[in-house]
Chemist: 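Starting off with a structure, shown below.
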Amino acid sequence: MSVSRALPHDAARLHVTGAARYVDDIPVPAGCLHLAFGLSTIARGAIRSMNLDEARGAPGVVAVLSAADLPFANDVSPSAHDEPLLATDRVHYLGQQLFLVVAESHLAARRAARLGRVEYDEEDPVLTIEQALAAGARFEEGPRIYEKGDARAAIAAAARTIEGTIEIGGQEHFYLEGQAALALPQEGGDMVVHSSTQHPTEIQHKVAEALGVPMHGVRVETRRMGGGFGGKESQGNALAVACAVAARLTGRACKMRYDRDDDMIVTGKRHDFRIAYRAGFDADGRIGGVEFVQYARCGWSQDLSLPVADRAMLHADNAYLLPACRIESHRLRTNTQSATAFRGFGGPQGMLGIERVMDHIAHELGLDPVELRRRNYYRAPGAGGLSAPRAAAPRPPESFPGKMKHVDPATDLTSRGAVSDLAPDRARAEGGGNTTPYGQAVNDFELHGITDVLMRTSDYDNRCRAVGEWNARGGPIRRGIAFSPVKFGISFTLTHLNQAGALVHVYQDGSVHLNHGGTEMGQGLFQKVAQVAASRFGIEPGAVKITATDTAKVPNTSATAASSGSDLNGMAVKAACDTIRGRMAEFLAELHQTVAAEVRFHDGRVRVGSHDMSFAEAAEAAYLGRVSLSATGYYRTPKLAWDRIRGVGRPFYYFAYGAAVSEVAVDIRSGEYRILRADILHDAGASLNPALDIGQIEGGYVQGAGWLTTEELVWDGKGRLRTQAPSTYKIPACADRPEVFNVALWDGANREDTIYRSKAVGEPPLMLGISAFLALSHAIASCGARYPALDAPATPEAVWAAVRRLGHGI
Amino acid sequence: MIEAVKSRSRKRLITLTVNGEEHEIAIRPNAMLVDVVRDQIGLTGTKSGCSSGSCGACTLLIDGRPMLACSTLAVECDGKAIRTVEDLADGERLSPIQEAFLDQGAVQCGFCTPGMLMSVTALIASNPKPSHQEIKKALEGNLCRCTGYNAIFNAVLQATGQDGIKPIMF
Ligand code: FES
Ligand code: FES
């Protein structure tokens, strides 16, 4: 069977020969035009006047458009219609699109984009959390609050308490391929758009609105992205819409790509957070109650901030059974880039909050941080005690009730920013004592086993001792070692997005054409899904052609996000393949006077009783027998029912787990550090492709460690992003990868009925990087008695400062 | 028409040998090599990730030395030999370093891959058994946002027959 095989990425051969095409590599028709945005140079104010004459007269310029020139909708928001393609009367951040230059070349467009003469009535921007709170600048009416038990009372009753605050920086996606789109006008006003996007359906929707045509007038195709990481879920809308509008106006193909500096100034990033915490616990470190207040800086527009902030709340427990818990979440509006989806989608920030609490408590009690964590873990399945049998699943919202909420027709229903949840009233807390703060029973908790094995394989105890001894000698180089676990909820928290479609054709020569709604951004989704199809037909994956994601082949897709790509699309593809296989089996059975169940598809052969033929012969026979060899497949995730307002129910189908031990060395004179070693054990269920999964884990860990260490975003007091180039924003380089890097997969199968019992693996490993951050904290702690209370990112400067603080007892 | 003549007169004629093939092309004096190679010669394997000399995606070989095509003026390459990722395979046969990238899963989104391959090709050409330190140094300027570098590192070791690194793909 081809599932569970370690096969390379489907396009790897094209990649190493330079033949893999990204949007900017697609050959364009003669006369293709190039676009660039003119950007605001202040963070907040009213536009008094905009003189574009000079830009219009610049060499190579064909047209310059401002908001008034847009024929239909001026909106690229995935949620609240608060993101105009081109600003109308006010600007909300430095880098906002004001006008659009259409020119004969990329360079000409870019040059002219600098020639807009714009006058503003400048106002003081709202940039910081304090400023936003003072100004009441927020999304939603007030903070969201999720509660379990009475946390305040539990903390008051506890023997010991701690409290503190952690600042958590944002993160630039830095996909190596910048945002890009290409629009090709068609007959009758139709439009074809190639977009580097994780969400072709949303692009289709926004483009259709902007052109004043139904969605069927727009076809969006995405073959691949050069990295996405969430940054291409909603941030590609502006380019695609701009290209389509300009293509409609000029009748010529239009292409746009952001150069890196523009990409960094214009597009949203990971939300930065401040998390204040208070926890009460007993002398053994068992937590009685925790309170969190999460402040998220969301930037100027709503974008996907509400579900991001929700997910931060939903991961405030991480792996720990909190008897009482209160999470308060503030979604603040600031005059900065619109913070957006980024691998983990708020989960990492929420998780870092509770990991900080654990680290702080361990320091306070002088307890081994791993032991402390184990004492607070959720119980293992079947561990007895209070762990009740699996609670009856709430009735799945499979048939929609008659009373559907009225939905604004302009709402982009396939966006995570939509809020048209169906039937949240069915959401209930699940039974049993092993439940999350939002009432979902944790029935698949793998971390006891994972921790045991990882402790052994990483030789944690001995190395911990060695680090202690090393540091006890003093000296300028200190070492730190830390463990951190991950429990990550898998499913879109907007329940209706948990559906997917696929289209499969079997040709008369036995070759298979496969299409599904997921997009390929490097994660290997296409290969995994092809492996599923090949397994269903019993053929080699090489016989399956995976084609570009195309809104004309599979409609109404969700973004490839929330780690859901192979879970959803794998199941949809399986359904389509099984339909065709069933038809073939039935036909062949009848032909050979047996029953369909006796027809076997295996090793490229089809066996019908004593008859044996190649898959190609079977396909040909079925064609001649007038059997349809094409089918769609559809899947929706079962068991979900969730109310995001009350914070109650089952938002997740299951959880994915993992754990890491990181060891670092810190030069306390300079604050410079290195990750010496990382050991990871990660749960991908019964992996569809272990090699691809390990790749996701390694990449996720390094990206997560980068987020919390070297990647620092800095805005000045005017709201200008000062780290807008790779020279000032430092993502991990080759030398930053751990020198010893041991990654293994947990040998287990998903307890839920997912595609071949695999688990999602896109986002969860990112949070393994938290262990690197905690290891730095551990090294710094050797410089004094107090808890270092390190903020993220722990840049060398921050580490240096923390060492000084501790050393001087400040 | 006069416009066109004028703008053409500002152009310069240069000769580039790209992947063994000689091209005589008219370029603007300020044209960057990456744009000439991609847009005028039509070899889009070379990528532009930052256009500012700090990501390495545009790395190609100029007279055998790895250079950043986004930071190199095309005029400066007049008469020189350029080698791009498209030239690494011998027909259908991949070079050992390309094979190793497949075997180790060193390709995810693939956008950094051409630049990585060119840096590694240059490294191995001058140093068939590079040390870990030398590999790190050679890849210093090539950023990858997807892989975390481990697989890329192992691919270099495999291609140079070091550390007993075996393919993980099959
Ligand atoms: S594109 Fe040349 S170094 Fe980034
Ligand atoms: S594989 Fe995506 S940047 Fe390296």
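Reminder, nothing fancy here: chain letters follow the sequence lines and each chain counts from 1. The analysis underlying the following values was restricted to heavy atoms, covering all of them including side chains, and did not include hydrogens, waters or symmetry mates.
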Chemist: Where do B:Cys109 and A:Met521 come nearest, in terms of heavy atoms and distance?
Modeler: CB-O, 3.3 Å
Chemist: Can a donor-acceptor pair be found, under 3.5 Å and without considering hydrogens, that links the side chain of B:Tyr149 to the backbone of A:Ala735?
Modeler: no
Chemist: Heavy atoms, side chains only, cut-off 4.5 Å: are B:Glu92 and A:Arg13 in contact?
Modeler: yes
Chemist: Tell me the closest heavy-atom pair linking A:Phe174 and B:Arg145, and the distance in Å.
Modeler: O-CG, 3.2 Å
Chemist: Once rounded to the nearest 0.5 Å, what's the spacing between atom CG of B:Asn150 and atom CD of A:Glu698?
Modeler: 4.0 Å
Chemist: Quick check: are there more than 12 heavy atoms from other residues, nucleotides or ligands sitting under 6.0 Å from CZ of A:Arg110?
Modeler: yes
Chemist: Find the distance between CE (B:Met32) and CG (A:Leu107) and round it off to the nearest 0.5 Å.
Modeler: 9.5 Å
Chemist: CG of A:Asp261 to SG of B:Cys50: how many Å apart, nearest 0.5 Å?
Modeler: 9.5 Å
Chemist: As an exercise: rank A:Asn689, A:Ile731, A:Val702 by heavy-atom pairs under 4.5 Å with chain B and give me the winner.
Modeler: A:Ile731
Chemist: Distance check, rounded to the nearest 0.5 Å: B:Cys112 atom SG versus A:His15 atom NE2?
Modeler: 10.0 Å
Chemist: What part of A:His106 lies closer than 4.5 angstrom to a heavy atom of chain B: side chain, backbone, both or neither?
Modeler: neither
Chemist: Mind checking whether A:Phe229 and B:Cys146 have side chains closer than 4.5 Å, heavy atoms only?
Modeler: yes
Chemist: Does atom NZ of B:Lys129 have more than 12 heavy-atom neighbours, drawn from other residues, nucleotides or ligands, at distances under 6.0 Å?
Modeler: yes
Chemist: So, for B:Ala57 and A:Leu176, which heavy atoms are closest and what is the spacing to 0.1 Å?
Modeler: CB-CD1, 4.1 Å
Chemist: Indicate the atoms forming the closest heavy-atom contact of B:Phe111 with A:Tyr22, along with that distance.
Modeler: N-OH, 3.3 Å
Chemist: Answer whether the closest heavy-atom distance between the side chains of A:Val16 and B:Leu117 falls below 4.5 Å.
Modeler: yes
Chemist: Less than 4.5 Å to any heavy atom of chain B: does that hold for the side chain of A:Ala12, its backbone, both, or neither?
Modeler: both
Chemist: Give the member of B:Leu143, B:Leu139, B:Ile152 that has the highest number of heavy-atom pairs under 4.5 Å with chain A.
Modeler: B:Leu143
Chemist: Could you tell me whether the side chain of B:Phe153 reaches within less than 4.5 Å of the side chain of A:Cys734, counting heavy atoms only?
Modeler: yes
Chemist: Quick one: does A:Ser727's side chain get under 4.5 Å of B:Ser52's, heavy atoms only?
Modeler: no
Chemist: So which part of B:Asn30 gets closer than 4.5 Å to some heavy atom of chain A, the side chain, the backbone, both or neither?
Modeler: side chain
Chemist: Which one wins on heavy-atom pair count under 4.5 Å against chain A: B:Glu86, B:Lys137, B:Glu140, B:Lys47?
Modeler: B:Lys47
Chemist: If you count heavy-atom pairs under 4.5 Å with chain A, which of B:Thr113, B:Leu43, B:Leu94 comes out on top?
Modeler: B:Leu94
Chemist: Using non-hydrogen atoms and a 4.5 Å limit, figure out which bit of A:Ile697 sits close to chain B: side chain, backbone, both or neither.
Modeler: neither
Chemist: Could you check which of A:Arg21, A:His173, A:Glu520, A:Met264 has the highest count of heavy-atom pairs closer than 4.5 Å to chain B?
Modeler: A:His173
Chemist: Where do B:Lys136 and A:Glu739 come nearest, in terms of heavy atoms and distance?
Modeler: NZ-OE2, 3.9 Å
Chemist: If you count heavy-atom pairs under 4.5 Å with chain B, which of A:Ala733, A:Pro738, A:Gly524 comes out on top?
Modeler: A:Ala733
Chemist: Among A:His9, A:Gln523, A:Arg224, A:Met225, which has the most heavy-atom pairs under 4.5 Å with chain B?
Modeler: A:His9
Chemist: Would you call B:Arg38 and A:Asp24 a side-chain contact if the rule is heavy atoms closer than 4.5 Å?
Modeler: yes
Chemist: Between A:Asp259 and chain B, with a heavy-atom cut-off of 4.5 Å, which part of the residue counts as in contact: side chain, backbone, both or neither?
Modeler: side chain
Chemist: Between OG1 of A:Thr17 and CD of B:Gln98, what distance do you get to the nearest 0.5 Å?
Modeler: 7.0 Å
Chemist: Under 4.5 Å heavy-atom distance to chain A, tell me which part of B:Thr147 shows up: side chain, backbone, both or neither.
Modeler: backbone
Chemist: Kindly give the heavy-atom pair with the smallest separation between A:Ala6 and B:Ile168, and that separation in Å.
Modeler: CB-O, 3.5 Å
